[in-house]
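This report refers to the structure that appears directly beneath it.
Quick note on labels: first sequence line is chain A, next is B, and so on, each numbered from 1. Values below: every heavy atom of this structure, side chains too, minus hydrogens, waters and symmetry copies.
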Protein chains: 2
Amino acid sequence: MEKEKIKIECCDSFHVHEEVVNSVTEMMPEEEVLYDLAELYKVFGDSTRIKILYVLFEADLCVCDIAQLLNMGQSAISHQLRVLKQARLVKFRREGKSVIYSLADDHVRTIIDQGMEHISE
Amino acid sequence: MEKEKIKIECCDSFHVHEEVVNSVTEMMPEEEVLYDLAELYKVFGDSTRIKILYVLFEADLCVCDIAQLLNMGQSAISHQLRVLKQARLVKFRREGKSVIYSLADDHVRTIIDQGMEHISE
DNA sequence: TTATCATATGAATACTTGTTCACATGATAA
DNA sequence: TTATCATGTGAACAAGTATTCATATGATAA
């Protein structure tokens with residue numbers, strides 16, 4: 001199978017070996033997957049959302065309680081919960097007049113723990 | 001020990017119990033740590049940088065080789081390598097005229113793998 | 001030294017994003 | 001039903017960011 005050759009013209013002293021080009025093109029995920037992956041990390045890339053997740057580690061809470069705990073506006077929290085919801089990091093249920101948010105699964109915790117480990121080295 | 005009370009005035013039907021307020025304020029990391037954590041994830045939150053990391057999974061490479069492999073400008077890659085360097089996700093060494101970049105440690109792989117797991121559910 | 005090659009960097013641009021404000025929606029209680 | 005409460009949402013603004021272009025830096029080779 002003839003793959004599209006990638007020309008390496010710069011770097012006289014060093015160049016990508018055919019071998020590397022092949023292994024890279026083989027294991028590199030699809031463009032769309034890479035995009036989705038970046039989108040996921042973007043969700044973690046905001047301290048307000050990180051705080052929301054930390055708060056939800058402790059208890060399932062409604063929007064206005066989260067807002068109070070984080071000392072922020074209800075609207076701001078609602079907007080961010082939407083982002084977290086779309087990334088399937090939180091889920092919600094209705095209870096009376098309130099909407100109670102909770103963590104979707106354990107990946108959230110694992111990912112945050114890994115990040116914590118990295119920055120505290 | 002009298003802690004600063006957090007007033008919960010909204011949500012008549014549901015309110016944060018003292019208990020929850022305490023556990024949240026106890027386990028919530030410092031503002032600065034949360035900020036740093038978000039900064040770390042921001043670095044992963046760009047598909048160009050994700051691609052660079054994936055390429056470096058396969059081999060240590062110089063800037064122009066990465067640019068060629070990703071079909072992007074040398075300047076763009078250099079700018080992004082700077083970001084990755086500042087987040088201590090990649091390291092570099094000089095070899096002749098080139099600067100060879102490589103992954104800093106195994107956290108990178110773990111974090112990316114966890115993210116991958118989440119999006120492929 | 002000078003010429004050359006690889007990389008880094010600053011400015012500019014276009015694009016994205018977080019918060020606030022004002023208001024809409026939607027469920028509950030009377 | 002109507003009034004009320006909690007949440008969701010769109011527009012607007014400010015702040016941040018990725019890429020490109022042109023150029024600077026810095027190491028190597030002659």
Q) Would you say B:Phe92 has more than 12 foreign heavy atoms packed within less than 6.0 Å of its CZ? A) no
Q: Have a look at B:Gln80 and say if it touches a base, only the backbone sugar-phosphate, or nothing, with a 4.0 Å heavy-atom cut-off.
A: sugar-phosphate
(Q) Under 4.0 Å from OP1 or OP2 of D:dA18: is there any side-chain N or O of B:Arg49 that close? (A) yes
Q.
Among A:Ile52, A:Leu81, A:Ile100, exactly one meets side-chain contact (heavy atoms from CB on, under 4.5 Å) together with A:Val63. Which residue is that?
A. A:Leu81
Q) Which heavy-atom pair separates B:Ile66 from B:Leu56 by the least distance, and what is that distance? A) CD1-CD2, 4.1 Å
Q: Calculate the interatomic distance between A:Glu95 atom CD and D:dA6 atom C1'; express it in whole Å.
A: 13 Å
Q. How many Å lie between CD1 on B:Ile66 and C1' on C:dA6, as a whole number?
A. 13 Å
Q: Might you work through the side chain to side chain contact (heavy atoms under 4.5 Å, CB included) test for B:Ile112 and B:Phe57, ending with a clear yes or no?
A: CA-CA 11 Å; B:Ile112 288 197; B:Phe57 284 159; 4.1 Å; yes
Q: Would you indicate which nucleotide in C:dA8, C:dT19, D:dT20 comes nearest to any side-chain atom of B:Ala76?
A: D:dT20
**Q.** First of A:Lys42 and A:Gly73 reached from the 5' end of DNA chain C, by closest nucleotide
**A.** A:Lys42
Q | Complementary nucleotide of D:dT1, counting Watson-Crick and G-U pairs under 3.5 Å | A | C:dA30
Q | Touch class at under 4.0 angstrom, heavy-atom based, for B:Tyr101 against every strand present | A | sugar-phosphate
Q) Can you tell me how far C1' of C:dA14 sits from NE2 of B:His79, to the nearest Å? A) 15 Å
Q) Which whole-number value in Å describes the distance from A:Arg94 CZ to C:dA29 C1'? A) 14 Å
Q) C:dA8 phosphate, OP1 or OP2: any side-chain N/O from B:Arg82 under 4.0 angstrom? A) no
Q) A:Glu39 or A:Ser75: which one's nearest nucleotide on DNA chain C is closer to the 5' end? A) A:Glu39
Q: Send over the distance from B:Gln74 CD to C:dT7 C1', rounded to a whole Å.
A: 5 Å
Q: Among D:dT19, C:dT19, C:dT9, find the nucleotide with the atom closest to the side chain of A:Thr48.
A: C:dT19
Q: Provide, to the nearest angstrom, the distance between the NZ atom belonging to B:Lys51 and the P atom belonging to D:dT19.
A: 9 Å
Q: Figure out the CG/C1' separation between A:Asp46 and C:dT17, and round it to whole Å.
A: 9 Å
Q.
Without decimals, in angstroms, what is the distance between A:Gln86 CD and D:dT9 C1'?
A. 12 Å
Q | Test item: A:Ile119 and A:Met116 side chains (from C-beta on) under 4.5 Å apart, heavy atoms | A | yes
